[in-house]
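Read through the structure below, which is laid out as structure tokens, and then see the notes.
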Amino acid sequence: MRKINIYVVLVLSLVLGLSSCNPDDGPSLQDEAFELLEGEWTFGTTGSILLDGEDLSLNFPGFSLSFANGTYQTSNGGDLFRATGTWEWLNEEAKQITLDTGEEVTIVNLTESVFEFSFFHTGSAAAGIRGNYTIKVVK
């Protein structure tokens with residue numbers, strides 16, 4: 001009879017121990033997304049910059065974008081991007097970031113090798129850069 005009680009106690013201890021594990025103990029969605037986002041992104045062979053559906057990629061030769069924790073850098077971003085700046089997550093779901101320019105960037109697709117995002121750039125109507133941008137870059 002004692003053997004059964006010991007087994008019951010062991011099984012109950014195991015069940016209670018497992019049920020008390022907090023699923024939030026792992027990395028957050030922001031941590032997971034940042035792991036993919038961090039590093040340098042370029043056009044590669046499939047990247048593009050679209051303004052309201054029109055391909056403007058040729059206006060940004062050699063474009064690159066890189067992210068570190070809370071900062072970003074761009075090369076050949078023209079009037080569309082600052083050379084350096086800061087960013088932060090807009091929400092816990094890690095689907096949007098806010099740039100230091102105030103623009104809210106929506107992540108459309110983020111994998112180890114593809115980063116596609118969209119945003120509305122207020123820019124200058126005279127410079128012809130105001131509008132909805134969709135940008136695809138690769139690692």
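As the structure is a computational prediction, the values presented were derived from the model and not from experiment.
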Shortest non-hydrogen contact between [X] and [Y], atoms and distance:
X      : Y      : result
Trp41  : Leu36  : CZ2-O, 3.2 Å
Ile107 : Ala94  : CD1-O, 3.7 Å
Ser118 : Thr134 : CB-OG1, 4.0 Å
Gln30  : Asn91  : NE2-O, 3.0 Å
Glu40  : Ser66  : CA-CB, 3.8 Å
Arg130 : Thr122 : NH1-O, 3.1 Å

Any donor-acceptor pair under 3.5 Å from [X] side chain to [Y] backbone:
X      : Y      : result
Asp52  : Asn132 : yes
Ser57  : Ile49  : yes
Glu116 : Gly47  : no
Thr74  : Arg82  : yes

**Asked** Around Glu35, counting heavy atoms of other residues, nucleotides and ligands shown, do more than 12 lie under 6.0 Å from its CD?
**Response**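 Incorrect, the count does not exceed 12.
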**Request:** Count the heavy atoms of every other residue, nucleotide or ligand shown that sit under 6.0 Å from CD of Glu103, and state whether that count exceeds 12.
**Result:**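 Atom CD in Glu103 is packed in, count exceeds 12.
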**Prompt:** Mind checking whether Asn76 and Phe60 have side chains closer than 4.5 Å, heavy atoms only?
**Reply:**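 Heavy-atom side-chain distance check fails, nothing below 4.5 Å.
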**Request:** Check whether any side-chain heavy atom of Leu37 lies under 4.5 Å from a side-chain heavy atom of Trp87, and answer yes or no.
**Result:**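 Side-chain contact under 4.5 Å: yes.
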**Message:** side chain to side chain contact (heavy atoms under 4.5 Å, CB included), that's the test. Do Lys139 and Glu112 meet it? Break it down for me.
**Reply:** CA-CA 7 Å; Lys139 275 189 184 174; Glu112 290 180 3; over 6 Å; no
**Message:** Is the ring pair Tyr133/Phe119 parallel, tilted or perpendicular, if the boundaries are 30 and 60 degrees?
**Reply:**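 It falls in the parallel class, under 30°.
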**Prompt:** How are the rings of Phe67 and Tyr72 set to each other: parallel, tilted or perpendicular (split at 30° and 60°)?
**Reply:**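 Tilted.
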**Item:** Stepwise side chain to side chain contact (heavy atoms under 4.5 Å, CB included) test for Glu92 and Leu29
**Value:** CA-CA 7 Å; Glu92 294 296 319; Leu29 293 174; over 6 Å; no
**Item:** Phe115/Leu110 under side chain to side chain contact (heavy atoms under 4.5 Å, CB included): CA gap, chis, key distance, verdict
**Value:** CA-CA 5 Å; Phe115 176 36; Leu110 179 59; 3.7 Å; yes
**Asked** Do Thr106 and Gln96 pass the side-chain hydrogen bond (donor to acceptor under 3.5 Å, both in side chains) test, and can you show the C-alpha distance, the side-chain angles, and the key distance before you say yes or no?
**Response** CA-CA 5 Å; Thr106 299; Gln96 291 183 303; 3.2 Å; yes
**Message:** Are Val138 and Leu65 connected into the same hydrophobic cluster when the rule is that any two of I, L, V, M, F, W, Y join if their side-chain heavy atoms are below 4.5 Å apart?
**Reply:**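 Different hydrophobic clusters.
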**Asked** With the 4.5 Å side-chain cut-off for hydrophobic clustering, are Val137 and Leu50 part of the same group?
**Response**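 No: no chain of side-chain contacts under 4.5 Å links Val137 to Leu50.
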What's the separation between atom [atom1] in [X] and atom [atom2] in [Y], rounded to the nearest 0.5 Å?
X      : Y      : atom1 : atom2 : result
Thr101 : Leu80  : OG1   : CG    : 9.5 Å
Ile135 : Leu51  : CD1   : CG    : 10.0 Å
Ser28  : Phe34  : OG    : CZ    : 11.5 Å
Ile129 : Asp79  : CD1   : CG    : 5.0 Å
Glu88  : Asp100 : CD    : CG    : 10.0 Å
Leu90  : Ile97  : CG    : CD1   : 9.5 Å

